[in-house]
K.L.:
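Got a structure for you, written out below as structure tokens; questions coming shortly.
Labels below follow one simple rule: chain letters A, B, ... track the order of the sequence lines, proteins then strands, and each chain is numbered from 1. These figures come from a predicted structure and were not determined experimentally.
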Amino acid sequence: MLERPLLEMRNLKTYFKVRGNILKAVDDVSFTLAPGETLGLVGESGCGKSVTAATIMGLIPIPPGMIAGGEIYFNGVDLLKLPESRMRKIRGCDISMIFQEPMTSLNPVFTVGDQVGEVIELHEKLSRSEIRRRIIDAFRLVGIPAPEKRLDDYPHQMSGGMRQRVMIAMALACNPRMMIADEPTTALDVTIQAQILELMNDLKRKTGTAILFITHDLGVIAEMAQKVAVMYAGKVMELATAADLYTEPKHPYTVGLLSSIPVLGKTSKKQRLSTIRGVVPSLFSLPPGCLFSDRCPETREICQNEDPPMTTLADKRLVRCFNYA
Amino acid sequence: MFGFIIRRTLAVIPTLLGVTIVVFFMLAITPGDPAELLLGERATQESLDAMREYLGLKKPLYIQYGMFLKRVVQFDLGETIWSRQKVSIEIKERFPATIELALVAMVISSFFGVLFGIISATKQYSWFDYVSMVGSLIGVSMPVFWLGLIFMLLFSLTLGWFPMSGRIGIDTNLQVITNFYIIDAIITRNWPALMDCLRHIALPALALSTIPLAIVSRMTRSSMLEVLRQDYIKTAKAKGLGQMKIIFKHALRNGLIPVITVIGLQFGILLGGAILTETVFAWPGVGKWLYEGVVKRDYMVIQGGTLLVATSFVIVNLLVDILYAVINPRISVK
Amino acid sequence: MKLLNKIIPFFEAATQREDRHPFFDQIEKLFSNKTGLAGLIIITFFLAIALFAPLLTPYDPIENALYEQLKPPIWESGGAIKNILGTDDLGRDILSRIIYGARVSITVGIVSVGIALFFGAIMGAVAGYYKGWLDNLIMRLMDILLAFPHILLAIVIVAYLGPGLKNAMIAIGIITIPRFARIVRASVMEEFEKDYVTAARAAGATDFRIIFNAILPNCMAPIIVQASLGFGSAILDAAGLSFLGLGAQPPIPEWGAMIASGRSMILRAWWVMTFPGIAILFAVLGFNLLGDGLRDALDPRLRD
């Protein structure tokens with residue numbers, strides 16, 4: 001991949017000031033996303049994946065939030081330095097976003113057609129009939145049957161899966177270069193989940209949109225992403241290609257995550273599913289040294305005192321662990 | 001939708017019947033001869049006998065109620081003791097004044113209430129938010145009749161900006177058509193009269209608007225705060241919409257739904273709650289008339305006025321319910 | 001905002017103290033709640049002046065003093081230290097009358113809210129517990145009461161009962177019943193589903209016992225909130241009725257009646273009607289603040 005990356009995040013630090021405490025929600029996160037590529041951002045809830053996405057979109061409320069450092073280059077421009085007015089033109093047009101809750105992410109008092117049309121109207125100068133045609137095209141693209149009729153529906157008249165298709169149509173309406181999908185299938189039934197994932201893979205092939213795919217579900221990532229970044233308590237612990245990560249996880253946290261996924265046939269009845277002991281530390285009381293040290297099965301003395309650096313391994317993967325430093 | 005309206009309208013009938021029962025029995029259980037109560041002390045024997053016949057006093061109570069109900073349905077509300085005029089005619093003359101006052105007060109309180117509520121919600125915990133929240137708490141704690149007197153003292157007696165009382169100056173000519181003076185002045189293009197009417201209505205409307213203003217701004221604030229937390233606001237931001245468009249299009253359309261209900265309910269309350277304000281400002285509406293009926297113990301006026309105010313209150317509430325369903329697409333399918 | 005909501009619970013979990021009766025948390029919340037505390041201070045002040053009225057006032061609130069008529073308050077020219085807030089047309093000290101007026105207003109609050117609470121709680125509990133036709137009947141009745149705009153019903157009731165403070169309190173009590181009935185009904189219905197009620201029923205407790213010993217104590221929070229707010233509106237309504245001459249009759253030092261008596265001399269002696277109104281405003285504000293504070297402290301679900 002010698003292409004210039006579409007998105008390059010360098011040492012991003014997004015903190016929150018809550019009642020006198022500084023919360024390091026995202027701490028020193030770096031990654032790149034090439035055009036047409038899908039990067040999976042994985043981690044347990046509260047690990048900073050959603051904050052990372054919100055920072056890219058410029059949707060962090062300031063205060064209490066603050067960008068303590070780092071750059072986010074999109075197409076060569078640092079998004080963090082852009083004024084709100086220019087950022088607004090990028091939002092929904094160059095970078096769009098779909099959310100976890102299709103049931104509540106659509107405004108209940110407008111028809112779905114209006115809501116998709118609004119993005120097109122906002123970013124492109126088109127006549128009403130052209131907009132309508134574009135809405136129908138977008139609906140057809142995401143596989144909504146009878147789009148001419150459905151666009152006059154209100155959100156409550158649609159199922160969860162259909163609403164998520166509307167959200168995707170809205171996100172793709174302006175042919176964005178990049179799409180952020182924040183747990184887009186978590187709230188859906190398993191069968192619908194599979195349909196939506198298939199749809200997204202299909203659309204990616206057709207449109208060439210790069211996707212930042214956020215999820216806590218490693219199983220979903222396996223189907224979607226070429227590259228995976230594993231986050232823990234605001235830091236990236238391991239960044240590797242999906243193939244490398246699944247076949248040979250390096251970081252003890254990744255190892256733990258992967259071994260806690262039940263695999264059909266592999267896990268016998270006698271064998272108990274392994275778990276990671278302990279819980280995610282509160283961002284208010286992080287352990288000193290390596291953030292994972294208090295739960296790590298391979299923890300050593302140095303882990304509890306010093307913060308491990310990000311190390312580049314021979315296969316170009318990045319690991320934040322003293323085992324490889 | 002249509003079915004909903006029919007069902008909701010039918011559900012009002014028992015309440016209205018209940019209102020007539022209350023009004024009827026209040027007179028029935030008042031000690032003394034109802035005919036004497038209704039005609040006053042100076043009534044002649046013949047008129048008393050005629051009244052007893054008219055009310056059916058010799059018949060059982062439920063038949064009396066039936067007769068009462070029949071008269072009410074035919075808008076026959078009897079005659080007043082003092083002016084010997086039909087109650088229905090007196091109401092027709094006075095009700096427009098009350099509606100006019102309540103409407104102007106509601107326009108003031110809805111506009112400023114919604115405005116203050118939106119600013120408070122978008123700038124939560126700012127000085128504006130604190131001032132308007134404390135202000136609305138004071139507003140609902142205020143005795144309105146006292147506030148009216150203070151307004152009168154300041155803006156009328158001391159500063160002389162507004163007339164002290166009444167609905168229109170005695171030397172102002174206005175051709176009365178609808179009995180809504182503001183409308184009459186506009187359709188006859190009588191601008192001096194319009195100015196005079198507005199100057200007269202200003203103080204009572206302002207005093208009357210205090211409580212609804214406080215309630216509407218509080219309601220708008222909490223409703224908008226709730227809406228601004230919703231996921232679809234995040235979606236709207238992610239679309240690239242500007243702050244103003246998010247607040248006034250996406251948030252307000254949702255946030256106003258409960259506020260409109262509150263505004264409607266407040267309007268209903270004002271129709272009956274204007275008694276004190278109308279009395280303070282000598283506003284010739286139903287409230288002042290009803291109060292005078294109470295003081296003079298004119299029971300026909302009390303009955304008629306009570307029925308009118310309660311019925312309009314119930315009907316306004318019904319309209320609010322229907323309006324709520326119309327503006328809220330989530331309800332209409334049910 | 002939602003991101004922050006995700007983060008804050010981590011913090012709260014860390015600071016929560018254990019092994020304490022929730023009641024103490026509620027009291028602490030009330031005291032740390034500025035609105036509630038401000039309300040409590042105002043109410044305590046009014047209670048104190050009502051209680052110690054004879055000790056605080058140098059003048060009789062009722063007896064006329066014909067040589068002291070319409071003296072202005074102390075800071076106006078002609079005012080004197082004798083009558084800080086001036087005197088009325090019968091030479092009575094306004095401040096003394098306002099202080100005694102606190103007694104009247106607090107009595108009105110207690111009696112009216114008492115009546116409303118007593119009948120409202122019984123009706124609401126019966127409706128919520130037995131459901132069915134009884135519930136229907138009672139709630140229809142409440143709907144009819146609510147079909148009359150607030151003050152109008154009180155005025156009409158007094159019109160039939162005859163003017164006077166006693167009847168005004170009864171009338172205000174009656175119009176306040178639906179508030180309590182509705183709240184108690186809703187709470188009883190909610191509590192009825194819970195296990196401890198089922199347990200009490202299984203143990204063979206009588207309905208009366210279940211309602212009053214088991215269910216009602218568990219829905220005190222909304223009742224207390226409503227009582228505080230009801231207290232404020234009772235004072236306001238009583239002042240309105242007295243202003244119209246339907247409540248307290250002269251020479252009782254009632255705030256609304258004082259405003260009414262000052263109305264005719266609004267230009268000559270503005271202080272006669274101004275100060276009682278301020279007293280009403282503060283007393284009602286106190287109860288509204290307390291009600292709001294209690295709502296936040298006792299039952300966050302009830303927030304508007």
K.L.:
Looking only at heavy atoms, what is the nearest atom pair of B/Pro143 and C/Gly277, with distance?
P.N.:
CG-O, 4.1 Å

K.L.:
Can you say whether B/Leu27 sits under 4.5 Å from chain C via the side chain, the backbone, both, or neither, judging by heavy atoms?
P.N.:
both

K.L.:
Do C/Asn288 and B/Ser141 have side-chain atoms, one donor and one acceptor, less than 3.5 Å apart?
P.N.:
yes

K.L.:
Which pair of non-hydrogen atoms, one from B/Leu153 and one from C/Trp270, has the smallest distance, and what is that distance?
P.N.:
CD2-CB, 3.6 Å

K.L.:
Are side-chain heavy atoms of C/Leu244 and B/Tyr291 found at a separation under 4.5 Å?
P.N.:
yes

K.L.:
Where on C/Asp292 is there a heavy atom nearer than 4.5 Å to chain B: the side chain, the backbone, both, or neither?
P.N.:
side chain

K.L.:
Is B/Val22 close to C/Phe148 at the side-chain level, that is, under 4.5 Å between some pair of heavy atoms?
P.N.:
yes

K.L.:
With a 4.5 Å cut-off on side-chain heavy atoms, are C/Phe243 and B/Val280 touching?
P.N.:
yes

K.L.:
Side chain, backbone, both or neither: which part of B/Val19 has a heavy atom under 4.5 Å from chain C?
P.N.:
both

K.L.:
In Å, rounded to the nearest 0.5 Å, how long is the span from CZ of C/Arg263 to OG1 of B/Thr279?
P.N.:
7.5 Å

K.L.:
Quick one: of B/Val295, B/Leu157, B/Val314, B/Asn317, who has the most non-hydrogen atom pairs under 4.5 Å with chain C?
P.N.:
B/Leu157

K.L.:
What part of C/Ser233 gets closer than 4.5 Å to chain B, counting heavy atoms only: side chain, backbone, both or neither?
P.N.:
neither

K.L.:
In terms of heavy-atom proximity below 4.5 Å to chain C, should B/Arg297 be classed as side chain, backbone, both, or neither?
P.N.:
side chain

K.L.:
If we only count heavy atoms from C-beta on, is the B/Trp146 to C/Ile278 side-chain gap below 4.5 Å?
P.N.:
yes

K.L.:
Indicate yes or no: at least one non-hydrogen side-chain atom of C/Leu236 is less than 4.5 angstrom from one of B/Met142.
P.N.:
no

K.L.:
Do you know which of C/Leu153, C/Ile280, C/Leu145, C/Thr35 has the most heavy-atom pairs under 4.5 Å to chain B?
P.N.:
C/Ile280

K.L.:
Measure B/Val144 against the heavy atoms of chain C and call it side chain, backbone, both or neither at under 4.5 Å.
P.N.:
neither

K.L.:
Which atom pair, heavy atoms only, marks the closest approach of B/Gly18 to C/Ile144?
P.N.:
CA-CD1, 3.3 Å

K.L.:
Which heavy atom of B/Leu149 sits nearest to which heavy atom of C/Ile266, and what is that distance?
P.N.:
O-CD1, 3.5 Å

K.L.:
With side chains defined as the heavy atoms from C-beta onward, is the minimum distance between C/Leu152 and B/Leu290 less than 4.5 Å?
P.N.:
yes

